[in-house]
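Order of listing sets the numbers, starting from 1, for every ligand and every atom in it.
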Amino acid sequence: MEHLQLLSGTINSAWERLRMGFSSALQGRASHEALLSRQDCELRLMDTIRRCLQLRVRCDREYAAGLGQVVAQAQKWERAEDMAGSLIAQAWSTMMDETESLSRLMRANAETLATTVIDKLNALATEKRASRKIYQDEQARMALEITRYQESVSKLKAEYEKNLEVYKIAKARYEDQYVKGKAGRKLEEVKERYVKACRRLHNAHNEYVLLLLEASQYERDFRTVLLPALLEYQQLVQEDMIERWCAIMRSAAELTSFSTEKHLEIQSRVNGSISAITTDGEYREFTDRHKSQPPPPVSFLFDYQMVEEYSGRLKPEALAVDDLTIGNLRMRLADLETRLADVRTVLAEKRKQLSQHDAEVECLKKQQDSVNRLFVIRRASEILRKDIRETQCTEQKLQRLTKLIRTPLDELGGADAPKAVEDMGDMSPQPERPLVDEDWFHGVLPREEVVRLLVNDGDYLVRQTTRNDETQVVLSVAWGGHKHFIVQTTSDGQFRFEGPSFPTIQELISYQHECGLAVTNKSGAVLRQAILRERWELNNDDVELLEKIGRGNFGDVYKARLQLTSELVAVKTCKVTLPDEQKRKFLQEGRILKQYDHPNIVRFIGIAVQKQPIMIVMELVPGGSLLSYLRSKQHGSSLDVGAQLAMCRDTAAGMAYLEEKNCIHRDLAARNCLVGMHNMVKISDFGMSREEEEYIVSDGMKQIPIKWTAPEALNYGKYTSLCDVWSYGILAWEIFSRGQSPYSGLSNTKAREMIDSGYRMPAPDGTPDAMYRLMLRCWEYQPENRPHFAEIFTQVNGLFMGVAGPDVLHN
Ligand code: ADP
């Protein structure tokens with residue numbers, strides 16, 4: 001039974017083979033052609049593979065050589081003593097060693113590929129070519145045999161037919177003679193021919209029968225045995241070659257792979273060395289080897305010898321608080337307090353930022369895909385922490401300085417500061433008249449102003465300047481242009497130019513004026529007319545700062561008293577620490593304001609530049625900034641339409657005056673207007689103003705108040721009074737919205753985009769229609785379509801005068 005099953009299994013698989021294989025399926029002529037063509041294709045594929053493998057060998061050899069160069073480059077790095085123990089350096093060295101191993105492995109693989117694998121492929125191709133030929137020849141031979149049988153059969157058949165003809169004739173003749181009753185030799189002859197023909201016919205018949213049997217036997221064999229056997233043999237041969245071809249491919253794949261066991265070992269050695277890097281291990285050996293003592297402290301101690309011989313009030317390590325220093329100390333204190341407040345604001349901001357970062361770090365730690373962000377935040381936190389420590393040091397320093405000044409001032413209370421110099425009666429020498437008391441001394445008046453004052457040749461003045469932190473006194477003279485001479489100090493403390501030296505600068509200048517000689521030979525400049533300080537050039541000591549009332553871009557703003565007139569004024573100070581360039585910008589506002597006189601423009605009184613901090617003095621406008629005024633509960637909510645229109649009228653009047661004077665304000669906004677007595681609005685803050693009909697900004701658009709600025713100024717930097725008209729529209733909107741922020745909720749960029757696409761703010765509640773229409777005209781995109789200030793003033797004034805009935809209210 002078991003045996004039977006085995007047998008049937010064998011039969012089945014043979015049948016399967018027959019059914020599926022070449023021998024059963026590929027007997028036809030067309031299959032034969034296809035089989036040959038298939039083998040041709042395979043040969044071409046082998047050829048292509050061979051070429052590609054050769055190319056691959058070349059690439060791999062080159063790559064291996066490239067890796068060799070990498071290693072050679074790495075070897076150029078000199079391993080310094082200081083890197084001993086560095087885990088990073090060790091990991092790098094392992095990486096390079098393994099790169100070398102990789103290079104060697106690649107080269108070896110390339111060589112094996114070049115020799116063994118390609119050779120095997122060549123041999124296989126040769127064999128395939130041979131087997132193709134055998135199959136083709138054998139098939140042709142069998143086909144020829146069939147043809148030959150066909151030809152032989154038809155030849156024998158023709159012979160058979162011919163013999164049959166001869167036989168029929170011979171037989172007919174013999175029968176004829178025989179019937180006629182003939183006998184004898186003649187009959188014998190006929191009979192013999194008849195028998196001969198009959199023999200031939202029979203023999204031909206037999207030959208024919210035999211050949212037919214043979215041919216049909218061959219034909220059957222050809223179909224059922226020979227051709228299937230040939231095809232089966234072909235299939236076996238081809239399949240055997242496929243097996244070898246596959247082995248060749250496998251070797252090629254392995255030799256060109258990057259992920260063999262050997263590769264993985266190389267990579268795992270590299271990974272291992274990198275994993276061995278630890279942040280605390282990296283510098284361990286280095287810090288052990290280079291351990292040292294921290295730097296010794298440098299002491300900054302007061303030298304007691306300095307005050308030993310001085311009979312006055314100076315005490316080591318304590319400030320001298322007296323009538324000569326108190327003003328200065330108060331100023332220093334105010335400056336220090338401002339700086340301390342600034343530093344504390346910065347510190348609070350930084351601490352807040354740090355705690356935000358810490359929170360974010362905690363959050364990010366829980367997310368897996370935020371490694372980069374985590375790294376960035378951590379780095380930013382480290383920098384912040386370092387900054388905070390540094391800022392804390394600054395805070396402490398400022399705190400101690402502030403305390404050093406504030407304690408003695410507090411102790412003084414309201415009392416007068418003690419006199420530094422005791423009265424010694426008539427016998428005492430006259431105290432030296434300070435330079436600042438000379439009318440021709442102009443303090444730190446900027447060069448531009450100096451040049452403006454010196455008009456005719458021989459006009460001169462003396463001023464002070466700072467170069468590399470050193471204060472220098474300069475004599476400025478108009479002499480075919482403007483010449484500036486630094487007063488030289490001799491080794492024994494005297495003053496001179498090129499000529500004789502004098503104990504005081506006053507004597508030097510007076511000599512220089514009276515002698516009529518040139519200050520220096522080269523310049524030939526002679527002093528003729530001293531230019532005295534102008535009314536508006538105030539002496540710092542004449543300005544008594546009372547209380548801080550605001551904070552500007554350059555420094556604090558104070559309420560102050562002018563000592564000569566006791567007038568209360570507002571004083572803008574410029575931080576001592578700002579660079580000269582900034583101080584010049586600060587004074588620019590004073591220079592512009594100086595020329596204007598209008599009830600709706602804050603009145604300029606003077607500048608005080610004899611000493612630091614330099615100041616701009618102007619009328620005190622008691623209500624402070626218009627924006628705070630509008631926003632305050634006390635004032636803002638009680639403003640009625642009449643009062644709002646009056647404010648718009650005031651600003652329009654001030655702006656019409658400025659437009660007439662060709663002054664472009666460039667920063668008109670509620671925050672830059674002040675409110676005076678009877679709600680009168682005055683335009684202030686001329687820090688960005690320009691006295692030109694048109695002004696093109698070329699130095700970038702930093703600090704531009706985007707939401708107040710006209711599109712052409714934002715887009716092309718082109719400023720005219722019509723840009724101020726746009727800002728006026730926004731200012732009017734601020735007045736009617738009681739100090740709301742324009743385009744609230746929109747970023748600067750978004751607001752800009754919306755304006756460009758035609759959006760305009762709606763009217764605040766309670767705005768008269770006519771006023772809103774005017775605002776819209778101020779916001780015409782094309783500047784030429786906007787009204788000028790003169791027209792605006794007339795319109796707003798008209799509205800103000802006529803504001804009586806409720807029908808003018810906008811709903
Ligand atoms: P900056 O131009 O440096 O920014 P501001 O002109 O804006 O300085 O002044 C800052 C603040 O000081 C104002 O908001 C206002 O409160 C106050 N201030 C400025 N000038 C005067 C003045 N003339 N009278 C009263 N307060 C003033």
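Which parts of ligand 1 touch G552 is read off a 4.0 Å heavy-atom cut-off, strictly below it: atoms 1 (P), 3 (O), 4 (O), 8 (O). Numbered from 1 in the order shown, with element, the atoms of ligand 1 that lie under 4.0 Å from a heavy atom of I549 read 25 (C), 26 (N).
Scanning the protein for heavy atoms near atom 16 (O) of ligand 1, the closest one is S625 N, 3.9 Å. With respect to atom 10 (C) of ligand 1, the closest heavy atom belonging to the protein is R551 O, 3.5 Å. D685 OD1, 2.6 Å is the protein heavy atom nearest to atom 2 (O) of ligand 1.
Among all heavy-atom pairs drawn from C648 and M771, the shortest one is SG-CE, 4.0 Å.
Contacts of V621 with ligand 1, taken as heavy-atom pairs under 4.0 Å, involve both backbone and side chain.
Expressed to the nearest 0.5 Å, how far CD of Q464 lies from CG of L445 amounts to 11.5 Å.
In the displayed structure, R330 atom CZ is contacted under 6.0 Å by at most 12 heavy atoms of other residues, nucleotides or ligands.
For R603, the side chain to side chain donor-acceptor pair (under 3.5 Å) partners at least two apart in sequence or on another chain are E567. Residues satisfying the side chain to side chain donor-acceptor pair (under 3.5 Å) criterion with Q644, sequence neighbours excluded, are absent altogether.
Heavy-atom separations between K572 and ligand 1 include at least one value shorter than 4.0 Å.
A perpendicular orientation is assigned to the rings of F789 and Y728, their planes being inclined by more than 60° (bins at 30° and 60°).
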